[in-house]
Amino acid sequence: MTEPTVNPLRSGMRMQRTPEPCTMVIFGATGDLTHRKLVPGLYNLQRERLLPPGFSVIGFARRDWSDDYFRQTLVEDVQEFSRSGFEEPLWQSFAEGISYNRSSFDDPAGYQALAEKLNALDAERGTSGNRLFYLATGPESFTTIIQQLGAAGLRQSPGGGWTRIIIEKPFGRDMASARELDAEVHKVFDESQVYRIDHYLGKETVQNLLVFRFANGIFEPVWNRRYVDHVQITVAEAVGVEGRGNYYEQAGAIRDMVQNHLMQLLTLTAMEPPGFYEANSVRDEKVKVLRAMRPLAPDEVAKYTVRGQYTAGTQAGKPVPGYLEEAGVPAGAHAETYVAMQMFVENWRWAGVPFYLRTGKRLPKRASEIAIQFRSAPLMIFDQGPLNDIEPNVLTIKVQPDEGISLKFESKVPGQLTQIRPVTMDFRYNAAFGVESPEAYERLLLDAMLGDSTLFTRSDEVDASWSLITPILAGWQNAPPPEPYAAGSWGPRAADEFLARAGREWRRL
Ligand code: BG6
């Protein structure tokens, strides 16, 4: 028996490591993301002893808050949003490293004060010049902050420490603006310092997609056009726009979800095996998939995409308002809250296999999955008819909730007749491992501190993704408004008709 080849790059893979001491500066520290995700995530990392000694946080924002007041607001959020509860002594030791820097984003004096604080922390808490900037602001502030960091000499650390910057989505609103932003980023930071975050890549199930595909020998041989009929990727949300009407009206579901999260799910599903599990090898393969995808021509957009917008309806027995009645949504709003589309991956593995994507808000439930539907058996030797309801094999990767993987196949019903029914073979994270998965942000924050950018989006990946989305935006410009669907339903009827035209139907979740 031969031993599997040990690859030197692979052998260093993601052991439990503690990052070097560092300071994280959060721009937009008074906002929702900081309070719901970032600080609770950091607190959980602290609980698991994954943060380095001396780890410090500086909140940078416009509001006139003191260090104490900032810490106080965070306590309530950690109590509410931490997945592992709240312990006063642990919080106290974590909070010692938290401070606040009040400044508008365009005031050079604020950045000078920040530089001084950072130097002081290096001396007091041993953070050795290691800095992680996090842009948790609205996208309109990204360029200003980046320019000011550059002007204040904060692009590099004194004394050989590292400086990295995490940028939240949205990274641009079309190809041109994404390129402009990228140019601004690269005027100040080298690509190796830039971590564009897409929190879907931090989800356990999404990372497991690579392990499932590339740590097992039996799935890859059937993972192609010879065996796969089509792929359906669904990200269904029960929530509405949650008070973010202004942002959402600018974004719509295509920019909010498809350009980033759904495209990530698609590329991980479709990519070739990378040579190593390492940042550039993985991202090279993802970019190749995006480049192999065919952008829709303007006259194809109506044929291959469907837009919807929710109207008032009922969810879990309660009446809910329509998108146009939501707080913060401007009058005459026209953003889509639902998108369904077909995408084409034109390479040897996938030519002719449709990838159907759908996402929407105010659907009946939160359910995200990737379903690989296989071709039917080449010849049916069993009687088909009312007794035998023969369905194709489907492999489903359940991203959330109820994380797991299941395979549907046909089975004989016990008894004298040859009756056939579909059954499933299920793997459930909870049952298999009995531990709770970390939050996506925990994993990604730690990776950025460790300097591992595998699960972050590279500049060329963003560019390639916009090259597919921008023609759709153009095609929608003179199109009729989104089709209405009642909140609590599975989207507009046009989405069902769209798949029915191809002789297929959306999976019932
Ligand atoms: C965010 C979007 O990126 O992802 C939100 O801006 C959306 O509109 C959210 O609700 C969904 O994330 P998750 O992790 O709840 O599926």
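Side-chain atoms are counted along with the backbone in the values below, which use heavy atoms only and exclude waters and symmetry mates. In each ligand, atom 1 is the first atom listed, and ligand 1 is the first ligand listed.
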- Salt bridge present between R196 and E461 (N-O < 4.0 angstrom): no
- Output yes when E184 and K187 qualify as a salt bridge under the 4.0 Å nitrogen-oxygen rule, no when they do not. yes
- Within the 6.0 Å centroid threshold, strictly below: F427 and Y429: yes
- Message: For H35 together with F81, are the ring centres under 6.0 Å from each other?
- Response: no
- Selection residues 230-240 - residue pairs positive for salt bridge (Lys or Arg N to Asp or Glu O under 4.0 Å), sequence neighbours left out: E237-K361
- Task: With a 4.0 angstrom cut-off on heavy atoms, strictly below it, pick out the residues next to ligand 1 and order them by chain and number.
- Result: K169, H199, Y200, K203, E237, R244, D256, M257, H261, K361, R366, Q400
- One should read off an interatomic distance between I372 CD1 and F355 CZ, to the nearest 0.5 angstrom, of 7.0 Å
